[in-house]
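Reading through the structure tokens given below for one structure.
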Amino acid sequence: MRVVRILLAIARHDYGKPENGTSYEYNSWFNTLKVLGHEVHHFDTFDPEWGGDPDRAGRALEATVAEIAPDLVLMMLIERDVAVESIDRIRRTTAIANWFSDDTWRFRAFSSRIAHHFSWVVTTSRLGEAGYRRLGVPAVYSAWGYDEGLYHPVPEVEPTIDVGFVGQRYGRRGDVIQSLIDQGFSVVARGSGWPGGRIDDADLASQYASTRINLNFLESSAGPFQRRGITIRGSWRADRLITHRFAPPTQLKARPFEITACGGFLLTNDAPELREFFDLDREVGIFADERALPERIRYFLQHPDERQAIANAGLQRSKEYSWPTVLSTILEQMC
């Protein structure tokens, strides 16, 4: 793959808020692309100077592109952070791509409405990939990646936690975790909304290593109104009530790649794309639904050798999904 000049037009901080720390996409891509030998520049789509104005952000991005003359502009829009008119003008002279991270539920309401402004799009959803094909937009279907500096085995850490979960508390997650506790399981949950709060990224590898069963829930956070882009009065509350009672659509996320990269045993529900990247019940453990979850946990707690064999196989498979490998595959198709 040839060396290219890349402009990352992404948020420097998570959702543009410095108090949230550095954004996932910045942490994942900036240094990785440099390690791969590319010339990398950054444009903060949420810089306070733009004041949250897509037009101002767009004009500033156009000026940066004119100054740097990149081979590729890579974005991960949260909303319409940058005016599409600016994206259109950039696309006339420079390849510009966007990674759409939630196409399982945002394709109809968001991605499909702006995808045609880009030279390329990246998606982790097969439904999204098919949708872009119908729209005539060049799409790259991809796995998620993981940061090798953060996610790696920690052999000196012994497992002391029976069941652990790292992720936000929303939808039915609180009820599921509480149900497990009520049934006598020892469960440690960390992340926004849980009593223990968020866990620092630097501590995640040790957290996964210290946990016998790392739970994961592959579901979106969006209710039916949000998935359709409906924002009438009361729609947000209705969505919250609906997703609390009924599970929203499943979607592939980064967590399975990160947990397995640490050598942790992963127990997750299924999503259509997951089986394309892992051999289910050989490289990751699977539970069918909430009712089956307690029995699956009991089984794997009682069969440590099988649990460890699955974790070891998952670790070997995860080596295919480090960010350098994933980004190299994507760039080979775009550049």
Side-chain angles (χ1 to χ4, degrees), residues 144 146-148 150-169 171-219 250 252-271 274-275 277-319 321:
W144 285 101
Y146 66 88
D147 183 337
E148 296 169 295
L150 290 175
Y151 302 103
H152 52 78
V154 188
E156 64 272 19
V157 174
E158 293 292 331
T160 57
I161 300 168
D162 276 351
V163 183
F165 172 72
V166 176
Q168 294 183 46
R169 179 172 183 162
R172 291 190 49 77
R173 290 178 172 183
D175 290 343
V176 173
I177 296 298
Q178 187 58 53
S179 175
L180 293 174
I181 294 172
D182 292 343
Q183 293 178 67
F185 293 104
S186 175
V187 185
V188 174
R190 296 293 304 272
S192 298
W194 301 103
R198 297 179 65 172
I199 185 168
D200 191 272
D201 287 348
D203 297 325
L204 285 171
S206 294
Q207 174 76 13
Y208 298 143
S210 67
T211 303
R212 295 182 177 90
I213 295 178
N214 289 282
L215 282 184
N216 184 63
F217 302 106
L218 293 175
E219 87 282 279
T250 58
L252 187 68
K253 296 184 179 182
R255 196 73 74 191
F257 303 93
E258 296 166 350
I259 292 173
T260 54
C262 295
F265 172 78
L266 170 66
L267 182 60
T268 181
N269 62 323
D270 195 4
L274 182 65
R275 61 191 63 233
F277 303 109
F278 292 99
D279 189 343
L280 307 189
D281 278 332
R282 198 185 77 81
E283 296 169 339
V284 297
I286 292 293
F287 64 91
D289 52 37
E290 295 173 12
R291 292 171 296 180
L293 180 56
E295 186 55 38
R296 294 295 280 168
I297 291 175
R298 289 190 188 95
Y299 177 86
F300 284 116
L301 286 176
Q302 294 167 2
H303 295 81
D305 291 342
E306 182 178 350
R307 189 178 72 231
Q308 189 60 53
I310 292 173
N312 291 342
L315 173 61
Q316 290 304 309
R317 175 56 66 91
S318 73
K319 294 176 181 179
Y321 309 123

- [ ] Take L267 and F287 through the side-chain contact (heavy atoms from CB on, under 4.5 Å) test and state the conclusion after the steps.
- [x] CA-CA 7 Å; L267 182 60; F287 64 91; 3.9 Å; yes

Open item on the list: Can you see whether E258 engages Y208 through a side-chain donor-acceptor pair at a distance of less than 3.5 angstrom?
Closed with: no

- [ ] To the nearest 0.5 angstrom, please state how far the CG atom of L266 sits from the OG1 atom of T211.
- [x] 11.5 Å

Open item on the list: Would you compute the distance between atom CD1 of I297 and atom OG of S186 and round it to the nearest 0.5 angstrom?
Closed with: 11.0 Å

Open item on the list: To the closest 0.5 Å, what do you measure between CG (D147) and CG (D201)?
Closed with: 8.5 Å

Task: Interatomic distance, I213 atom CD1 to R298 atom CZ [nearest 0.5 angstrom] - done: 11.0 Å

Open item on the list: Just by distance, no angles: are the side chains of N216 and T268 close enough, under 3.5 Å, to form a donor-acceptor pair?
Closed with: yes

Open item on the list: Let's go through R255 and N214 carefully: what are the C-alpha distance in whole Å and the side-chain angles of both, what is the deciding distance for side-chain contact (heavy atoms from CB on, under 4.5 Å) to 0.1 Å, and is it a yes or a no?
Closed with: CA-CA 10 Å; R255 196 73 74 191; N214 289 282; over 6 Å; no

- [ ] Test W144 against F277 for side-chain contact (heavy atoms from CB on, under 4.5 Å), laying out the working first.
- [x] CA-CA 10 Å; W144 285 101; F277 303 109; over 6 Å; no

Open item on the list: Once rounded to the nearest 0.5 Å, what's the spacing between atom CZ of R317 and atom CZ of F257?
Closed with: 10.5 Å

- [ ] Output, in order, the C-alpha distance, side-chain angles, deciding distance and verdict of side chain to side chain donor-acceptor pair (under 3.5 Å) for N312 and Q316.
- [x] CA-CA 6 Å; N312 291 342; Q316 290 304 309; over 6 Å; no

Open item on the list: Ring centroids only, cut at 6.0 angstrom: are Y321 and F278 within range, meaning strictly under it?
Closed with: yes

Task: Steps toward side-chain contact (heavy atoms from CB on, under 4.5 Å) verdict (R212, F300) - done: CA-CA 9 Å; R212 295 182 177 90; F300 284 116; over 6 Å; no

